[in-house]
**Q** 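Before I ask anything, let me first share the structure, which is written out below as structure tokens.
Below, read A as the first sequence line, B as the second, and so on, with proteins coming before strands; counting in each chain starts at 1.
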Amino acid sequence: MNITELNDMQQEAVRHTDGPLLIIAGAGSGKTRVLTYRIAYLIEECGVDPYNILAITFTNKAAGEMKERVADITPTGDHVWVSTFHSMCVRILRRFAESVGFTRDFAIYDTDDCKSVMKELFKKNNVNTEYYKERGVLSAISAAKDELKTPQDLKQEAQSDFKLKTIADLYEQYQDELKRNNAMDFDDLIFKTVMLFKEDPVALETYADRFRYIMVDEYQDTNTSQFQLVSLLAGKWRNLCVVGDDDQSIYKFRGANIENILSFERVFDGARVIKLEQNYRSTSMILNAANSVIKNNGRRKGKSLWTGNEEGDKVSLLMYDNAYQEGEGIASTIAGILRDGYSCDDFAVLYRTNAQSRIIEEKLLIANIPYRIYGGVNFYQRREIKDILAYLKVLINPSDGQSLRRIINVPRRGIGQTSIDRVQTFADREGISFYEALKTGKDIPEIGNAYKKTDKFLELMEGFKEAAAEETIEELVQRILDETDYINFISSGLTADEIADKQDNIDELFSKITDFESGHDVQEDDPLSALNAFLEEVSLVADTESGESEGAKVSLMTLHSAKGLEFPVVFMAGMEDGLFPSYMAISIVDEDKSELEEERRLCYVGITRAKKKLFMTFARERLVRGERHTSRISRFVSEIEPSLIERVNNSYVGDDFGFENAGASAISDGSEPASPAKEEKPRWRGGFVPKNKAKFDFMSMGSAKRTSPAGAGFKKTGEAHASPDTAGSGGYVSTSGTGFGKDFLKEFNPGAGASKAADTDSSYTKPSTSKFSAGDRVSNERFGDGTVTNVEDKGRDNLLTVEFDEMGVKKMFEGFINLRKI
DNA sequence: GCCATTTCCCTTTTT
DNA sequence: GGGAAATGGC
């Protein structure tokens with residue numbers, strides 16, 4: 001570890017080891033670096049035992065990365081406890097399970113499980129579903145738990161509020177039911193750990209004493225219960241370092257309390273505050289765009305991010321008539337840049353809602369551009385996966401009635417709803433679990449002849465239980481599949497494609513199991529505890545990366561999941577009012593702007609993911625829940641200072657697109673005559689086969705074969721000025737300001753010397769000359785070594801032609817490619 | 001108890 | 001437009 005690699009502020013943050021510390025870390029300011037160096041510094045320079053250090057993150061991904069990076073810079077780094085809030089709590093709760101009234105094998109219920117528990121409670125209580133929705137009640141309960149409110153607290157609060165009283169009532173029953181199932185939901189994990197620490201001094205002392213140095217990442221996303229948890233843990237030594245960025249707080253909807261970061265200094269007396277304001281990630285153009293958006297928010301801690309990086313390109317705005325064109329435009333723009341020597345890994349397409357991914361996906365597939373989707377439907381929530389896991393869960397925790405009921409008749413065993421209800425009634429009457437009730441078999445008075453079937457099921461499960469004690473997880477799952485003939489069951493009535501899909505998922509589960517087992521010391525652990533650990537990981541990991549992860553791929557994800565990541569080229573798709581900011585946020589027009597401000601922070605997060613180039617795309621029309629929707633451009637786009645953004649393409653030819661900065665009147669793009677839709681020439685000029693045919697091929701050939709190569713006929717960048725033809729929808733123009741929209745820019749940027757800015761030949765040029773010249777030997781990570789054969793001044797950037805030794809001749813923009821002289 | 005058809009809800013974001 | 005849950009006929 002060499003601390004002098006850090007800038008002054010970063011060093012200060014690393015060196016300030018004792019006492020409370022708040023690090024306000026702007027986007028791309030090297031936050032993770034500071035955290036990892038700080039840990040290494042504690043170990044190496046201060047002689048702190050890694051065992052006494054705790055680092056808490058929000059996502060498993062972040063935890064994994066931090067673990068890795070700490071281990072990289074300091075040998076004993078892997079002894080540091082780096083964990084998410086939730087998995088840390090699980091670990092603590094397993095150890096002290098009895099203290100909170102559970103056994104150490106308690107299950108963790110995901111949202112689906114919770115929903116069905118609630119559904120049963122609705123039935124039992126004859127809840128009027130006109131006024132109450134399961135989801136609504138559950139989120140009310142979740143909010144209560146975030147604020148550490150018990151059912152009793154809620155009841156008191158309710159007073160004569162009938163609705164709240166009902167919710168409090170359901171909350172109480174819900175907790176009872178979970179306890180009967182020996183299960184906790186996500187919020188319980190935090191809540192019960194706090195309760196444990198408050199009520200069991202031994203438990204608290206165990207951890208408070210151990211963790212002399214505590215670090216919390218993404219502090220702006222903590223909720224009240226997490227804040228309490230951290231306060232309790234750090235109470236003894238008071239060496240608490242929290243890192244966050246109030247401008248990147250985007251999880252208010254799930255209880256994040258921005259007060260935690262805003263009032264840190266007040267709560268933790270004598271806290272030091274250090275701001276990291278130098279951004280190492282983005283061009284100044286991108287950073288300024290981000291700043292010009294976020295400054296519209298009211299309550300901020302206040303900081304001014306700056307960068308020493310190059311100015312870079314303007315933010316490009318691509319406008320389309322509909323979401324299909326948008327998808328095509330994104331695909332063709334990516335294809336075009338790929339031809340400049342980029343890797344698919346360099347791109348991310350970010351969107352507000354998961355539903356947007358489908359069309360983009362489809363278009364990328366047609367364009368033969370590999371992609372990977374993050375988020376969406378959780379792998380572990382797919383039916384076949386849940387079924388298999390439910391078997392495993394019951395083996396570990398027979399009280400888990402939710403899982404048990406899921407599989408008792410899957411595959412079909414002739415145990416229907418009636419029998420299940422009868423057993424349940426009996427179990428309730430006797431105060432025993434469903435599984436225990438099953439064991440009573442034919443002695444259950446109301447069971448009738450069904451006991452023959454349930455006995456058989458019980459026998460099957462007991463057999464699995466024995467196997468579980470000695471087999472690996474892999475063997476056990478295989479056994480379950482075989483003995484239940486599950487694959488056959490799940491396959492009936494499906495098409496070959498659907499069956500293949502299920503099989504793929506099951507294979508994927510097997511590979512996850514294998515991964516897990518090879519990562520664990522299975523010899524030492526007995527099979528049951530390995531299984532337990534596996535189930536735990538599975539319930540806490542939302543790892544939703546779909547498909548194989550091999551090879552370079554364009555990343556598709558929601559803006560939320562993009563937090564913490566960075567990409568050279570970023571697309572923000574669907575920049576429309578009503579979609580982003582979401583309809584929810586703008587329909588609440590009262591004085592409470594907090595929803596809108598959260599969306600704006602989300603926009604800020606999105607913009608600051610981009611290192612070199614940012615595209616924003618807009619579709620005038622899109623289908624929302626099957627309905628056609630016309631939108632105006634997102635207000636966030638209008639908030640970007642006009643000199644930082646340019647409109648690049650012109651597939652869109654409507655005359656009112658509500659772009660406020662430009663004036664909402666007709667805007668004709670100077671370089672492209674307005675072309676009505678009925679025009680013969682396809683408006684879509686990305687170089688693909690006509691889209692209907694492409695679509696047809698795609699549909700009929702399945703996913704294995706694909707249509708024509710991406711970007712065929714896509715002209716090189718920067719030439720748009722000379723031949724506007726090439727710059728139809730999606731045309732990527734790297735030399736910003738050229739080619740398009742002198743008129744547009746004039747209107748777009750009234751009175752700001754727009755015409756000059758729009759002209760390549762004006763004084764508005766790149767700041768310095770190229771650091772390369774013909775004949776230079778250079779090296780690039782992807783392409784290896786090569787020789788520069790030509791350097792062209794393209795206005796705002798230099799176009800390099802490089803002859804790589806192995807990869808052939810590539811043209812690339814200097815500002816884009818990571819090239820070093822050798 | 002099983003299966004096909006209809007209905008519903010969804011879409012803000014996730015540990 | 002789509003996927004899961006509820007309904008109703010067998």
Side-chain angles (χ1 to χ4, degrees), chain A residues 56-63 83-90 108-112 114-116 119 123 129 133-136 139 142 145-146 184-190 218 221-223 225-226 249-256 323 350-359 374-378 380-383 386 409 411-421 448-450 453 492-493 498 536-544 557-563 574 578-588 595-596 598-599 601-602 605-606 622-629:
Chain A
I56 309 175
T57 64
F58 262 86
T59 65
N60 295 287
K61 202 157 134 204
S83 168
T84 65
F85 270 106
H86 291 87
S87 51
M88 174 182 81
C89 288
V90 171
I108 299 163
Y109 275 4
D110 66 21
T111 29
D112 282 354
C114 299
K115 206 176 164 191
S116 36
K119 195 169 264 176
K123 247 187 244 162
T129 49
K133 298 261 168 287
E134 286 113 5
R135 279 177 54 118
S139 62
S142 171
K145 287 179 180 174
D146 285 348
M184 300 188 197
D185 66 20
F186 285 127
D187 303 309
D188 283 337
L189 297 176
I190 317 281
E218 306 283 13
D221 291 334
T222 51
N223 61 33
S225 62
Q226 286 159 340
S249 164
I250 53 173
Y251 286 113
K252 184 169 169 269
F253 73 91
R254 64 172 195 211
L350 313 181
Y351 35 78
R352 181 64 179 84
T353 66
N354 278 311
Q356 290 168 256
S357 73
R358 228 194 72 245
I359 292 172
Y374 294 83
V377 187
N378 189 341
Y380 295 109
Q381 287 182 3
R382 289 166 208 186
R383 185 181 153 199
K386 278 212 89 167
N409 199 32
R412 300 270 125 81
R413 301 184 172 91
I415 306 173
Q417 197 55 49
T418 315
S419 304
I420 293 175
D421 286 347
N449 266 335
K453 294 164 179 167
S492 78
E498 288 166 330
E536 180 175 313
E537 179 170 303
V538 156
S539 15
L540 290 176
V541 170
D543 163 49
T544 45
M557 67 186 86
T558 63
L559 287 153
H560 280 88
S561 9
K563 191 162 69 140
L579 182 60
F580 186 40
S582 92
Y583 178 72
M584 303 285 189
I586 48 181
S587 53
I588 307 164
E595 298 248 355
L596 182 61
E598 175 137 321
E599 297 277 313
R601 290 192 291 269
L602 192 55
V605 166
R622 75 172 69 231
L623 292 176
V624 182
R625 277 187 251 150
E627 268 176 47
R628 198 187 279 179
H629 249 264

**Q** Test your reading of the model: is there a side-chain donor-acceptor pair from A:Ser582 to the backbone of A:Leu579, 3.5 Å cut-off?
**A** no
**Q** Test of understanding: with side-chain hydrogen bond (donor to acceptor under 3.5 Å, both in side chains), list the residues that count as partners of A:Arg622, not counting sequence neighbours.
**A**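 With sequence neighbours excluded, A:Arg622 shows a side-chain hydrogen bond (donor to acceptor under 3.5 Å, both in side chains) to A:Glu326, A:Glu576, given in chain and number order.
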**Q** Judged by each residue's nearest nucleotide on DNA chain B, which is more toward the 5′ side, A:Lys453 or A:Leu602?
**A**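 Closest to the 5' end, via its nearest nucleotide, is A:Lys453.
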**Q** Taking only residues two or more places apart in sequence or in another chain, which ones pass salt bridge (Lys or Arg N to Asp or Glu O under 4.0 Å) with A:Glu598?
**A**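 Salt bridge (Lys or Arg N to Asp or Glu O under 4.0 Å) list for A:Glu598, sorted by chain: A:Arg601.
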**Q** Indicate whether OP1 or OP2 belonging to B:dT14 is found under 4.0 Å from a side-chain N or O atom of A:Thr111.
**A** no
**Q** If you look at every strand shown and take non-hydrogen atoms under 4.0 Å, does A:Phe186 touch a base, only sugar-phosphate, or nothing?
**A**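 A:Phe186: base contact, heavy atoms under 4.0 Å.
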**Q** Can you tell me the distance, in whole Å, between the CD1 atom of A:Ile250 and the C1' atom of B:dT13?
**A** 8 Å
**Q** Parallel, tilted or perpendicular: which one describes the rings of A:Tyr251 and A:His560, with boundaries at 30° and 60°?
**A**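 If you compare the ring of A:Tyr251 with that of A:His560, the planes turn out tilted.
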**Q** Could you go over nucleotides 3-11 of chain B and give all protein N or O partners under 3.5 Å, atom names and distances?
**A**
residue : atom : partner  : partner atom : Å
B:dC3   : OP2  : A:Arg412 : NH1          : 2.9
B:dT11  : OP2  : A:Arg135 : NH1          : 2.7

**Q** What integer distance in Å separates A:Leu540:CG from B:dT15:C1'?
**A**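 Distance, rounded to whole Å: 8 Å.
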**Q** Whole angstrom is fine here: how far is it from OH in A:Tyr583 over to C1' in B:dT13?
**A**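 In whole Å, B:dT13 C1' and A:Tyr583 OH are 18 Å from each other.
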**Q** Can you tell me how far P of B:dT14 sits from CG of A:Asp185, to the nearest Å?
**A** 18 Å
**Q** Hey, is the main chain of A:Met557 close enough, under 3.5 Å, to the side chain of A:Tyr351 for a donor-acceptor pair?
**A** yes
**Q** List the steps and the verdict of side chain to side chain contact (heavy atoms under 4.5 Å, CB included) for A:Glu218 and A:Phe85.
**A** CA-CA 11 Å; A:Glu218 306 283 13; A:Phe85 270 106; over 6 Å; no
**Q** Test of understanding: with salt bridge (Lys or Arg N to Asp or Glu O under 4.0 Å), list the residues that count as partners of A:Asp146, not counting sequence neighbours.
**A**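 A:Asp146: no salt bridge (Lys or Arg N to Asp or Glu O under 4.0 Å) contacts found.
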**Q** At 4.0 Å (heavy atoms only), tell me whether A:Asp110 reaches a base, stays on the sugar-phosphate, or touches nothing.
**A** nothing
**Q** Among A:Leu602, A:Val605, A:Thr59, exactly one meets side-chain contact (heavy atoms from CB on, under 4.5 Å) together with A:Lys563. Which residue is that?
**A**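 Passing option: A:Val605.
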**Q** I want to verify a distance call: between B:dT14, B:dT15, B:dG1, whose nearest atom is closest to the A:Thr558 side chain?
**A**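 Taking heavy atoms from C-beta onward, the closest nucleotide is B:dT14.
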**Q** Which whole-number value in Å describes the distance from A:Gln226 CD to B:dT15 P?
**A**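 The answer, rounded to whole Å, is 12 Å.
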**Q** Over all strands shown, is A:Glu599 touching base, sugar-phosphate only, or nothing at heavy-atom distances under 4.0 angstrom?
**A**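 Touches a base.
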**Q** Which letters describe nucleotides 2-10 of chain C, given B = protein heavy atom under 4.0 Å from base, S = only from sugar-phosphate, - = neither?
**A** ---SS----
**Q** With distance as the sole test, does A:Asp221 use its side chain to make a donor-acceptor pair with the main-chain N or O of A:Ala256 at under 3.5 Å?
**A**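 Judged by distance alone, no pair lies under 3.5 Å.
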**Q** Does A:Ser357 have any side-chain hydrogen bond (donor to acceptor under 3.5 Å, both in side chains) partners at least two apart in sequence or in another chain, and if so, which?
**A** none
**Q** Contact class for A:Ser561 (heavy atom, under 4.0 Å): base, sugar-phosphate, or nothing?
**A**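 Sugar-phosphate, backbone atoms only, no base.
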**Q** Kindly state whether the pair A:Tyr251 / B:dT13 counts as stacked, where counting means centroids closer than 5.5 Å and planes tilted less than 30° apart.
**A**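 No, A:Tyr251 does not stack on the base of B:dT13.
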**Q** Over how many whole Å does the gap from A:Met184 atom CE to B:dT15 atom C1' extend?
**A**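 Rounding to the nearest Å, CE of A:Met184 and C1' of B:dT15 are 16 Å apart.
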**Q** Specify the separation, in whole Å, of atom OH of A:Tyr374 and atom C1' of B:dT14.
**A**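 Interatomic distance, OH of A:Tyr374 to C1' of B:dT14: 17 Å.
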**Q** Nearest heavy atom decides the nucleotide; on that basis, is A:Phe58 or A:Asn409 closer to the 5' end of DNA chain B?
**A**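 It is A:Asn409 whose nearest nucleotide is closer to the 5' end.
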**Q** Can you tell me how far P of B:dT14 sits from CD1 of A:Ile190, to the nearest Å?
**A** 18 Å
